[in-house]
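Every heavy atom of this structure was used, including side-chain atoms; hydrogens, water molecules and symmetry mates were not. Each chain gets a letter, A, B and so on, in the order its sequence line appears, and its residues count up from 1.
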Amino acid sequence: MKKTLLLISAIAFLFTSCDKDKAIKTDLTINFTHSVDDSELITNSMIYTNEAEENYDIQTLKYLISDIILHSENGNSLLLNEVHFIDISDESTFSFTYNDVPNNDYTSISFDMGLDTARNISNKYVNEDFHTTMYWPEPNGGGYHYMKFEGAYNNDSTFYNTHTGGTMGADYSFNYVENISLTVDNDLGNVSANINMELNNWYNSPNQIEFSSYGMGIMMNMMIQMNIQMNGNTDVFSVTIDK
Amino acid sequence: MKSLIYLLLGTILIISCKKDLAPISGCTDNIAINYNPNAITEDQSCNYFNTTPYVIETPYGFPDMKIPFDNPMTVEGIALGEKLFRDPILSADKTQACINCHQQNFSFSDPIQFSTGIDNIQGNRNASALINIGWNTSFNWDGSSLTLEEQAFEPVTNSIEMHNTWMNVELELNSHSNYPFLFKQAFNINYIDSIHIVKAIAQFERTLISTNSKLDRYLKNEEQLTISELNGYAIFNTEKGDCFHCHSTNMFMDNLFHNNGLDNEPFTDLGRAKVTSNASDNGKFKTPTLRNVEMTAPYMHDGRFASLEEVVEHYDSGGKYSTTVDPLMKKLGVGLQLSNQEKIDLVSYLKTLTDNEFIGSD
């Protein structure tokens with residue numbers, strides 16, 4: 001009896017000491033969330049209104065986020081993902097996980113909306129799932145759509161296609177940076193960062209975008225591409241950290 | 001005494017047996033694919049299972065083809081698949097082969113609106129053209145099959161197509177003079193079953209690759225397009241014609257399902273919703289590739305349009321409204337408003353996608 005007890009306590013001690021020595025790994029999950037006027041996105045329902053007072057619904061939303069990087073004070077940055085494709089009709093695209101984040105004090109996160117000139121090249125991502133659906137034809141400059149944001153406005157049979165991309169090779173992607181406070185150490189454990197897209201803000205301030213001005217489409221319209229880019233860089237994205 | 005009789009009988013039996021066996025020569029190694037269990041004399045003719053791998057070269061602007069792990073491409077498997085594809089032995093009355101409704105001259109499609117099965121019954125969808133089909137992620141107009149192997153199971157037993165049973169097909173092939181050897185050669189199997197029949201057919205179908213059209217040669221700077229074709233190229237690839245969103249990349253398809261505004265509700269054919277049971281998929285059909293589109297008339301899932309001109313007219317009209325119509329049909333009720341010349345140009349461009357080598361007319 002005494003022997004058994006001794007053995008048990010010895011094993012228990014062993015486990016405890018092991019735990020103390022072992023650092024907890026940190027896996028970082030990046031979630032992509034979507035809201036309209038601060039409420040969670042509801043698709044296929046004409047309940048939204050832009051600044052131009054057009055009512056609209058959202059039926060399609062597909063976009064590319066690239067160059068997702070964590071930055072630290074000491075200059076060490078961590079590339080989390082080169083390109084991530086999000087499609088609101090496919091939940092499996094709503095997140096990805098970076099395993100075993102190195103210990104550091106991370107002070108900001110940055111990413112590109114769309115693909116910058118170095119990445120926005122025809123057939124560069126030919127084996128990625130988004131290759132066919134985000135394809136942007138050569139006569140329009142080649143590469144890929146940054147975003148396909150589609151639905152109906154004013155009535156069920158009038159459609160808008162907010163398709164952004166590198167019109168005639170011009171780069172309308174933009175880099176978004178947000179300061180965060182994320183200290184990864186031996187005790188933190190798993191953590192997630194939520195990148196939210198506030199959809200209505202693509203159309204509001206500083207530039208009011210009207211669907212009724214889209215005409216034959218905006219893929220060749222540099223003025224609208226530029227205005228949407230500016231709106232996007234103003235207040236479309238926000239990042240929160242869940243520890 | 002009794003045992004003596006048995007011994008005698010047994011001896012007679014053995015002797016008589018030996019008498020029946022002519023001294024057959026052949027392959028006596030039982031692991032060879034042409035092992036002859038009746039052979040007594042080895043004649044050095046043994047062939048062993050040794051397939052030749054077949055590599056599909058990825059055409060420019062195409063992803064790598066995803067080959068199922070359990071059905072690697074081999075020269076032997078492809079040759080067997082082609083033989084099966086062209087052989088009416090798969091149909092109940094041995095009158096119809098795959099090739100009858102997927103004719104090579106028509107880019108492996110049927111020029112008739114609805115193909116007719118062995119019992120003279122017609123279906124309600126146009127036979128799909130089999131072009132670059134190895135890059136598709138689902139098959140049939142509604143995507144009801146997820147692999148080519150799965151798809152090949154259907155027509156054989158479909159009562160309005162080949163109307164056969166797999167048991168019957170297996171019986172026919174196993175008692176055939178040539179097929180058992182070909183299956184042994186391709187798959188190293190002693191009994192031909194449906195699984196290996198569809199595997200062979202799928203291997204052959206993956207080799208139906210067309211990427212040598214006038215447009216391909218133009219993109220490689222080997223041939224020039226006419227002014228009209230170039231105009232059509234621009235209409236197709238900009239939002240003026242807005243064809244490229246669905247018929248995208250060098251594959252000219254997106255592996256997705258769309259309602260392109262053919263009909264108002266209610267739909268006579270629910271399309272994709274038949275598979276998903278989701279009302280939001282009502283009236284959606286899979287985007288077909290436009291390669292060799294000149295040869296694949298009639299058009300749409302139900303073959304309603306006899307010519308490319310009719311197809312262009314449909315899109316030029318803007319299409320009809322229904323609750324599931326794709327937002328990409330953004331000229332609904334307004335139309336593309338193409339001029340007559342622009343429509344001609346668009347059709348000229350579509351004809352640059354013809355690959356004469358593929359359809360066997362070169």
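For A/Pro102, the side-chain contact (heavy atoms from CB on, under 4.5 Å) criterion is met by A/Leu78, A/Tyr106, not counting sequence neighbours. Listed by chain and number, the residues in a side-chain contact (heavy atoms from CB on, under 4.5 Å) with A/Asp242 are A/Ser192, A/Asn194 (sequence neighbours excluded). Residues satisfying the side-chain contact (heavy atoms from CB on, under 4.5 Å) test with B/Pro53, not counting sequence neighbours, are none.
Only the backbone of B/Leu336 comes within contact range of chain A, with heavy atoms under 4.5 Å apart. Heavy atoms of B/Met253 lying under 4.5 Å from chain A belong exclusively to its backbone.
In plain terms, the two heavy atoms of A/Phe159 and B/Met329 that are nearest each other are CD1-O, 3.5 Å.
Few gaps surround CG on A/Leu79; more than 12 heavy atoms of other groups in view lie less than 6.0 Å from it. In this structure, A/Met222 places its CE atom where more than 12 heavy-atom neighbours from other residues, nucleotides or ligands lie under 6.0 Å away.
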Pairs of donor and acceptor atoms, chain A with chain B, under 3.5 Å:
from, atom 1, to, atom 2, distance (Å)
A/Asn123, ND2, B/Tyr60, OH, 3.3
A/Asn127, OD1, B/Asp64, N, 2.7
A/Asn127, ND2, B/Asp64, OD2, 3.2
A/Thr132, O, B/Ser248, OG, 2.8
A/His145, NE2, B/His245, NE2, 3.0
A/Asn161, OD1, B/Lys330, NZ, 3.0
A/Asn161, ND2, B/Pro327, O, 3.1
A/His163, ND1, B/His245, NE2, 2.8
A/Ile218, N, B/Glu239, OE1, 3.1
A/Met219, N, B/Glu239, OE1, 2.8

